[in-house]
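Predicted model only: the values in this text are computed from it and were never measured.
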Amino acid sequence: MIRLLSCIALIVAMVATMDRVLASALGDLLLRSDDRFMAVYRPTPPDERPADVVVLGNSRADNHFPTEAVSAATCGTAINLGMGGAPTTVSDALWQDYVERHGAPRLLILEPTGVVDNPRTLADVPLLAHYSPRVDELVRKVDHGQWLSNHAFHLMAFNSNQTIRLAAGLVRPSGDRTLSGTVPAPLRAQLANAPEETMVGFQPNWEAMDRIIQTARAQGTKVAVVITPFYPVHAAKLTNYDAFFEDMKRRLPADVAFIDARRGVQKEELFMDALHVNEDGVKAMFAALEPDLRPLGACPVDAIASLSTPVETSSR
């Protein structure tokens, strides 16, 4: 019996050791990926400087703010940390990790609609717990079972689609995150016949948004809360569409720029679905946004003065 127990203990120890060795090796390998989230946890090379502009939010940030367009509008380098399906609590963890490791940027662009996403959703962030105690703690609070699994078997943290994307970033650079296509006919019909909805923000997300903004302002970072377009048919179904964002604006400190581009894109062919514009929609959106974003960046004064009047946006 003692020999059997000794064999079992030896096997368990070998499995645990192999799990940790392989997880560590895989984590080190993926850290070299071109994926933008790895840039948060990878030291900035000596010949490079941290980004001037950081973009945060859910998929509407991810797909609506290509870094080249942001750089052109603000005259600075940019990194987009928008994550599909991410509530603002996840964006907060990414932001705090970025600032700790790379310092505060000149400008933070926050697409705020993640406040309506369920804060019990972790999106693609669990894998990043391998690199971040802060993310690890977020996983523990939101999904204790997953957290226990990840700590019992470290390779479990890599059991996600995010690992595949990171691996792809090892062999080819990640491309533009904008979307192609238009709203398909079945979805148009579905949206037209959809019942009315009410937008509701979750308290943990409101608190996370406050932390993001407070950290940025404390570091001297300018903050722009930018609401990107909604498909007009979908927007018409939201009973508190204007009231929700008016309340959001009231919550913000006076020195935070509030740029409302919800109606900056209206043509149906410029949308991919109810919440996302396509490539041409992004171009139209930036044509409207640029006059509001440019003064917040590092552009020469004469370049700012030469811009035309903004279209269907307002700022504070």
Undergrad: Which atoms form the tightest heavy-atom contact between Pro204 and Thr89, and what is the distance?
TA: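 Between these two residues, the closest heavy atoms are O-CG2, 3.7 Å.
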
Undergrad: Under the side chain to side chain donor-acceptor pair (under 3.5 Å) criterion, do Asp210 and Gln214 qualify, and how do the steps go?
TA: CA-CA 6 Å; Asp210 288 342; Gln214 288 169 6; 5.3 Å; no

Undergrad: If you apply the rule side chain to side chain donor-acceptor pair (under 3.5 Å), what do you find for Thr215 with Gln96, and how did you get there?
TA: CA-CA 8 Å; Thr215 302; Gln96 305 298 342; 3.1 Å; yes

Undergrad: Using the side-chain contact (heavy atoms from CB on, under 4.5 Å) criterion, which residues pair with Arg188? Sequence neighbours excluded.
TA: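 So Arg188 forms a side-chain contact (heavy atoms from CB on, under 4.5 Å) with Val183, Ala185, Tyr231, Glu268.
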
Undergrad: Is there a path from Leu270 to Met272 through hydrophobic residues (I, L, V, M, F, W, Y) whose side chains come within less than 4.5 Å of each other?
TA: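 No, because Leu270 and Met272 fall into different hydrophobic clusters, even though each may have its own neighbours under 4.5 Å.
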
Undergrad: Test: side chain to side chain donor-acceptor pair (under 3.5 Å). Region: residues 46-58. Which pairs qualify, not counting sequence neighbours?
TA: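 Only Arg49-Asp52, Asp52-Thr77, Asn58-Asp117 qualify under side chain to side chain donor-acceptor pair (under 3.5 Å).
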
Undergrad: Please tell me whether Leu179 and Met83 are part of a single hydrophobic cluster in this structure, the criterion being side-chain heavy atoms less than 4.5 Å apart.
TA: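 No, because Leu179 and Met83 fall into different hydrophobic clusters, even though each may have its own neighbours under 4.5 Å.
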
Undergrad: Would you please test Val225 and Ile259 for side-chain contact (heavy atoms from CB on, under 4.5 Å) and show each step?
TA: CA-CA 6 Å; Val225 172; Ile259 304 175; over 6 Å; no

Undergrad: What pair of heavy atoms forms the shortest contact from Pro291 to Ala288, and how long is it?
TA: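 Looks like CD-O, 3.5 Å.
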
Undergrad: Run the side-chain contact (heavy atoms from CB on, under 4.5 Å) test against Ala236 and tell me which residues pass, sequence neighbours left out.
TA: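 Listed in chain order: nothing, the list is empty.
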
Undergrad: Output, in order, the C-alpha distance, side-chain angles, deciding distance and verdict of side-chain contact (heavy atoms from CB on, under 4.5 Å) for Phe65 and Val226.
TA: CA-CA 10 Å; Phe65 290 93; Val226 184; 3.9 Å; yes

Undergrad: Is there a side-chain contact between Ser91 and Ile212 (heavy atoms, below 4.5 Å)?
TA: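 A side-chain contact exists here, since the closest heavy-atom pair is under 4.5 Å.
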
Undergrad: Less than 4.0 angstrom from a charged side-chain N to a carboxylate O is my criterion; do Arg140 and Glu137 meet it?
TA: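 Yes, charged N to carboxylate O under 4.0 Å.
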
Undergrad: With a 4.5 Å cut-off on side-chain heavy-atom distances among I, L, V, M, F, W and Y, is there a chain of contacts connecting Leu22 to Tyr131?
TA: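 Looking at the clustering, Tyr131 is in the same group as Leu22.
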
Undergrad: Just verifying a value: how many Å separate Leu56 CG and Asn80 CG, rounded to the nearest 0.5 Å?
TA: 8.5 Å

Undergrad: Would you indicate whether Glu68, at its atom CD, is surrounded by more than 12 heavy atoms from other residues, nucleotides or ligands within a distance under 6.0 Å?
TA: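 At most 12 heavy atoms, drawn from other residues, nucleotides or ligands, come within 6.0 Å of this atom.
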
Undergrad: Are Leu238 and Val115 linked, directly or through intermediate hydrophobic residues, by side-chain heavy-atom contacts shorter than 4.5 Å (ILVMFWY only)?
TA: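 Linked within one cluster.
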
Undergrad: Is the shortest side-chain N to carboxylate O distance from Asp143 to Arg120 below 4.0 Å?
TA: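 Judged by the 4.0 Å cut-off on N to carboxylate O distance, Asp143 and Arg120 do not form a salt bridge.
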
Undergrad: Look at Arg42 together with Asp34 and state whether they make a salt bridge at an N to O cut-off of under 4.0 Å.
TA: no

Undergrad: Quick one: list whatever passes salt bridge (Lys or Arg N to Asp or Glu O under 4.0 Å) with Glu100, sequence neighbours left out.
TA: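 Here the qualifying residues are Arg134.
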
Undergrad: Under the 3.5 angstrom rule, does the side chain of Thr88 hit a backbone N or O of Met209 as a donor-acceptor pair?
TA: no

Undergrad: For the backbone of Ala93 and the side chain of Arg211, can you confirm whether one donor and one acceptor N or O come within less than 3.5 Å of each other?
TA: no

Undergrad: Using a 4.5 Å cut-off on heavy atoms from C-beta on, say whether the side chain of Arg32 contacts that of Met38.
TA: no

Undergrad: Linking directly or through intermediates, with side-chain heavy atoms under 4.5 Å: list the remaining ILVMFWY members grouped with Phe202, chain and number order.
TA: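 Listed partners: none, Phe202 stands alone.
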
Undergrad: Which atom names give the shortest non-hydrogen contact between Arg263 and Asp242, and what distance separates them?
TA: NH2-OD1, 2.9 Å

Undergrad: Is any side-chain N of the basic residue among Arg165 and Asp124 closer than 4.0 Å to the acidic one's carboxylate O?
TA: yes

Undergrad: Are the side chain of His64 and the backbone N or O of Arg60 linked by a donor-acceptor pair below 3.5 Å?
TA: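 Flag set: sc His64 to bb Arg60 pair under 3.5 Å.
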
Undergrad: Taking all atoms of both residues into account, what is the closest heavy-atom pair of Lys222 and Gly297, and its distance?
TA: NZ-O, 4.4 Å

Undergrad: State the CG-SG distance between Leu296 and Cys75, to the nearest 0.5 angstrom.
TA: 11.5 Å

Undergrad: Whether the side chain of Lys237 engages the backbone of Ala194 through a donor-acceptor N/O pair (distance < 3.5 Å, no angle test) should be reported.
TA: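 Side chain of Lys237 to backbone of Ala194: a pair is present.
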
Undergrad: I need the minimum non-hydrogen distance between Phe158 and His154, along with the two atoms involved.
TA: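 That would be CD1-O, 3.8 Å.
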
Undergrad: Does some side-chain heavy atom of His144 sit less than 4.5 Å from a side-chain heavy atom of Val139?
TA: no

Undergrad: Given the rule in the side-chain contact (heavy atoms from CB on, under 4.5 Å) test, do Thr163 and Leu127 qualify, once you have shown the distances and angles that lead to the verdict?
TA: CA-CA 8 Å; Thr163 299; Leu127 180 148; 3.0 Å; yes

Undergrad: Report yes or no: do His130 and Asn150 form a side-chain donor-acceptor pair below 3.5 Å?
TA: no

Undergrad: Could you tell me if the side chain of Ile227 sits less than 4.5 Å from the side chain of Pro112, heavy atoms only?
TA: yes

Undergrad: Is there side-chain contact between Phe271 and His276, with heavy atoms separated by less than 4.5 Å?
TA: no

Undergrad: I'd like to know whether Glu290 forms a side-chain contact (heavy atoms from CB on, under 4.5 Å) with Leu293, so could you lay out the CA-CA distance, the side-chain angles of the two residues, the decisive distance to 0.1 Å, and finally the verdict.
TA: CA-CA 5 Å; Glu290 190 175 34; Leu293 286 179; 5.8 Å; no

Undergrad: Do Val125 and Leu148 sit in one hydrophobic cluster, given that two such residues count as connected whenever their side-chain heavy atoms are within less than 4.5 Å of each other, even indirectly?
TA: yes

Undergrad: Is it the case that over 12 heavy atoms from other parts of the model lie below 6.0 angstrom from the NZ atom of Lys283?
TA: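 Not more than 12 within 6.0 Å, no.
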
Undergrad: Supply the atom-to-atom distance Asp92 CG to Ile213 CD1, rounded to the nearest 0.5 angstrom.
TA: 10.5 Å

Undergrad: Does the side chain of Glu111 pick up a donor-acceptor pair with the side chain of Thr228 at under 3.5 Å?
TA: yes

Undergrad: Could you state the interatomic distance from CG (Leu26) to CG (Leu31), rounded to the nearest 0.5 Å?
TA: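 One gets 11.0 Å once the value is rounded to the nearest 0.5 Å.
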
Undergrad: Is it the case that the side chain of Asp19 and the backbone of Leu155 share a donor-acceptor pair, with hydrogens and angles ignored and the cut-off at 3.5 Å?
TA: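 Yes: the side chain of Asp19 pairs with the backbone of Leu155.
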
Undergrad: Hey, are the side chains of Ile109 and Val70 touching, using non-hydrogen atoms and a 4.5 Å cut-off?
TA: yes

Undergrad: Please report the interatomic distance CG(Leu128) to CG(Asp97), rounded to the nearest 0.5 Å.
TA: 8.5 Å

Undergrad: For the residue pair Asn278 / Ser180, report whether a side-chain donor-acceptor contact shorter than 3.5 Å exists.
TA: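 Short answer, no.
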
Undergrad: Do Thr221 and Arg106 come close enough that some side-chain heavy atom pair is under 4.5 Å?
TA: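 No; the side chains remain at least 4.5 Å from each other.
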
Undergrad: How close do Val40 and Leu94 get, counting heavy atoms only, and between which atoms?
TA: CG1-O, 4.4 Å

Undergrad: Can the ring centres of Tyr241 and Phe230 be said to be less than 6.0 Å apart?
TA: yes

Undergrad: Between Ser132 and Ala129 (side chain of the first, backbone of the second, donor and acceptor by atom type, cut-off under 3.5 Å), is there such a pair?
TA: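 Checked: no pair found.
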
Undergrad: Considering only heavy atoms from C-beta outward, does the side chain of Phe244 approach that of Thr198 to under 4.5 Å?
TA: no

Undergrad: With rounding to the nearest 0.5 angstrom, report the CG to CG distance, Leu170 to Asp35.
TA: 9.5 Å

Undergrad: Check salt bridge (Lys or Arg N to Asp or Glu O under 4.0 Å) between Asp62 and all other residues, then give those that pass, not counting sequence neighbours.
TA: Arg36, Arg177

